[in-house]
Amino acid sequence: KTAKTNKVVGIDGHARDRDLERELNVLFHRVFDTPEGGEVIAYLEDILFRRTINPSASDAELRMMEGSRAALNLIRARMESGGKTREEAR
């Protein structure tokens with residue numbers, strides 16, 4: 001027999017227990033789906049997405065910016081998924 005695993009590959013590409021993955025998403029939703037959390041997200045969007053970079057920027061600067069943008073997109077994705085999970089539980 002093959003043992004059934006309860007692992008899933010999460011939004012971030014890491015394998016973890018399905019329940020932990022759901023809980024992480026709910027936590028992100030709980031933390032950032034507040035007036036204060038919205039202000040933090042707006043600030044991060046402003047400094048990461050509404051910014052231009054000099055054409056002479058180094059490869060390292062470009063990579064740093066893209067990594068930061070990816071982190072914010074991960075937060076957004078977890079918030080959205082966590083909101084759906086909470087609504088399904090109702």
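If you read the sequence from its start, that first residue is 1, and numbering goes on from there.
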Heavy-atom donor-acceptor pair, Arg69 side chain to Leu48 backbone, under 3.5 Å: yes
His29 side chain vs Met79 backbone, donor-acceptor pair below 3.5 Å: yes
Point-to-point distance, once rounded to the nearest 0.5 Å, from CG of Leu74 to CG of Asp12: 6.0 Å
side-chain contact (heavy atoms from CB on, under 4.5 Å) between Leu72 and Ile41, worked out: CA-CA 8 Å; Leu72 180 54; Ile41 294 295; 3.9 Å; yes
Atom pair CG/CD of Asn54 and Glu61 - distance to nearest 0.5 Å: 8.0 Å
Path from Phe28 to Tyr43 over hydrophobic side-chain contacts below 4.5 Å: yes
Candidate pair Val9 and His14, rule side-chain contact (heavy atoms from CB on, under 4.5 Å), full reasoning: CA-CA 5 Å; Val9 176; His14 292 272; over 6 Å; no
Rounded distance [0.5 Å steps], CD1 in Ile53 versus CG in Leu62: 5.0 Å
Distance (rounded to the nearest 0.5 Å) between Ile11 CD1 and Asn73 CG: 11.5 Å
Arg76 with Glu45: basic N within carboxylate O range, under 4.0 Å: yes
Note: Arg78-Glu21 ion pair, threshold 4.0 Å (strictly below): yes
Spacing of Asn25 atom CG and Glu80 atom CD [to the nearest 0.5 Å]: 10.0 Å
ILVMFWY cluster, Ile75 and Leu20 together (side-chain gap under 4.5 Å): no
Step-by-step side-chain contact (heavy atoms from CB on, under 4.5 Å) determination, Met65 to Arg51: CA-CA 10 Å; Met65 181 179 275; Arg51 172 180 162 197; 3.5 Å; yes
ILVMFWY network linking Phe49 to Leu44, side-chain heavy atoms under 4.5 angstrom: yes
Exam field: side chain Ser81 to backbone Ala77, donor-acceptor pair closer than 3.5 Å: no
